[in-house]
Amino acid sequence: MFNKSRPLSFEVPEYLTSLVPYPPGKPLEELEREYGVKDPIKLASNENLLGPSSKARKAIKNALSSLHRYPDGSGYYLKRKLAGLLGVSSEEIVLGNGSNELIDFLIRVFIRPGYEAISSDPSFLVYCKMVQAVGGSNVVIPLSGYRHDLENISRAVTPKTRLIFLDNPNNPSGTVIHRADFDAFLEGLPDHLLVVLDEAYMEFVRTEHTPKAVEYMKQDRRVIGLRTFSKAYGLAGLRVGYGVMDREPAKYLERVRQPFNVNTMAQVGALAALDDHQHLKKTVDAVRQGMDFLTEKLEELGCRVMPSEANFILIDIDRDAKMVYEKMLREGVIVRAMTAYGLPNHIRITVGLPEENLRCIEALQKVLRNGR
Ligand SMILES: *Cc1c(COP(=O)(O)O)cnc(C)c1O
């Protein structure tokens, strides 16, 4: 009989054995238990500082009695609502289990061994990991002055390039692309690839001069926009996001997805959240206020602060980020050390409520003061 002590023998490609999993954040409960800190706060995953929309909560409660049914596999109402809001057709929208799933679909459809995806370094870690998971090649272009280096990205395009991922705003820097730069960039690109604008944080952006994917995709079939309900809408736990794109790529994405990839609660919650204008506005206002407060205080502490347009802020603390992260944990404040992003001296802080931001500053001040 095959027993437990015998090793399994199967082949796994090198690109999978060498794949480093996405680094998980620390759950709050774990921190309380492990470090014995009271009322820890989490400013690490760019979640909504106010919590979920109350309209979404109510809609989800009302939908509980239909949990025995499979979800609407076509996402009919959510697609129709989004299509109306964006001025596109339902066939130009693909729903996903978080916008992460759209990234996955795009890569599964367009990348395979021998094909390339371009992204910036650092940017959202998921792009590279999913490209590696299908055996594709990552072409990684360093940010220039914490911004996407569109000129170098453009130079890196080859006949094998299929996808270019641009998180706008960029995670972790929070910087945005300039519209004029993007126009010039598109002008120079061939037609055998797609440009994916990941707009997870677009609701927070203050500047007017950045490109919005939906405007571009209406005129340029190569442009795809990704949006999520996880950040400004406060529904990260539900897992729902969408892509706006030309019908042709959309058609292929629809083929690779599971029939019920977006669950009932997610569809119902997202629909209600789209009507909760007050929650969105409160969220955006609170984030901008918190951002201004944090920027000022962090600069007072002598940290180098990147000019973020999102709900998080990247800072250079000029010392080992892992150590600062650990010490902040002991103060009950969870931030993100950017070591996994290749920035060993940087931490990223999600904007929280006023009292959370203050506590974060106080903790950081204490940690930085207590030396290297
Ligand atoms: C948080 C984030 C997302 C959102 O992912 P979901 O799967 O929708 O929760 C997408 N892109 C970037 C760059 C992010 O930071």
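Values in this document were obtained by computation on a predicted structure and should not be read as measured data. Remember, it's 1-based here, ligands and their atoms both numbered in the order they're listed. Because only heavy atoms are used, hydrogens play no part in the values below, and waters and symmetry mates are left out as well, while side chains stay in.
- For atom 9 (O) of ligand 1, the nearest protein heavy atom (residue, atom name, distance) is Ser230 OG, 2.6 Å.
- Ligand 1 lies within reach of Tyr201, whose nearest heavy atom is under 4.0 Å from it.
- Taking the centre of each ring, Tyr252 and Phe110 stay at or above the 6.0 Å mark.
- Residue Asn171 has at least one nitrogen or oxygen atom sitting less than 3.5 Å from a nitrogen or oxygen atom of ligand 1, judged on distance alone.
- In terms of protein heavy atoms, atom 8 (O) of ligand 1 is closest to Thr228 OG1, 2.5 Å.
- Taking the charged nitrogens against the carboxylate oxygens, Glu362 and Lys366 have no contact shorter than 4.0 Å, which rules out a salt bridge.
- Counting atoms of ligand 1 from 1 in the listed order, those under 4.0 Å from a heavy atom of Arg239 are 6 (P), 7 (O), 9 (O).
- In this structure, atom 2 (C) of ligand 1 lies nearest to the protein heavy atom Lys231 NZ, 2.4 Å.
- Not a single heavy atom of Gly241 sits under 4.0 Å from any atom of ligand 1.
- In this structure, atom 5 (O) of ligand 1 lies nearest to the protein heavy atom Asn100 ND2, 3.1 Å.
- Nearest protein neighbour of atom 11 (N) of ligand 1, counting heavy atoms only, is Asp198 OD2, 2.7 Å.
- Heavy-atom proximity to Gly98, at under 4.0 Å, picks out these atoms of ligand 1: 6 (P), 7 (O), 8 (O).
- Set against the non-hydrogen atoms of Ala200, the atoms of ligand 1 under 4.0 Å away are 2 (C), 3 (C), 10 (C), 11 (N), 12 (C), 14 (C).
- Salt bridge Glu101/Arg257: absent, no basic N to carboxylate O contact under 4.0 Å.
- No side-chain heavy atom of Glu199 sits less than 4.5 Å from a side-chain heavy atom of Leu226.
- The shortest separation from a heavy atom of Glu101 to ligand 1 is not under 4.0 Å, leaving the residue out of contact.
- The minimum heavy-atom distance between Pro169 and Val205, with the atom names listed, is CG-CG2, 3.5 Å.
- Of all the heavy atoms of Ser99, the ones lying under 4.0 Å from any atom of ligand 1 are found in both the backbone and the side chain.
- Between Phe312 and Met291 there is no side-chain heavy-atom pair separated by less than 4.5 Å.
- Side-chain contact of His148 with Asp181: a donor-acceptor pair under 3.5 Å is absent, judged by distance alone.
- A 6.0 Å sphere centred on CZ of Arg255 holds more than 12 heavy atoms belonging to other residues, nucleotides or ligands.
- The shortest distance between side-chain heavy atoms of Glu331 and Arg359 does not fall below 4.5 Å.
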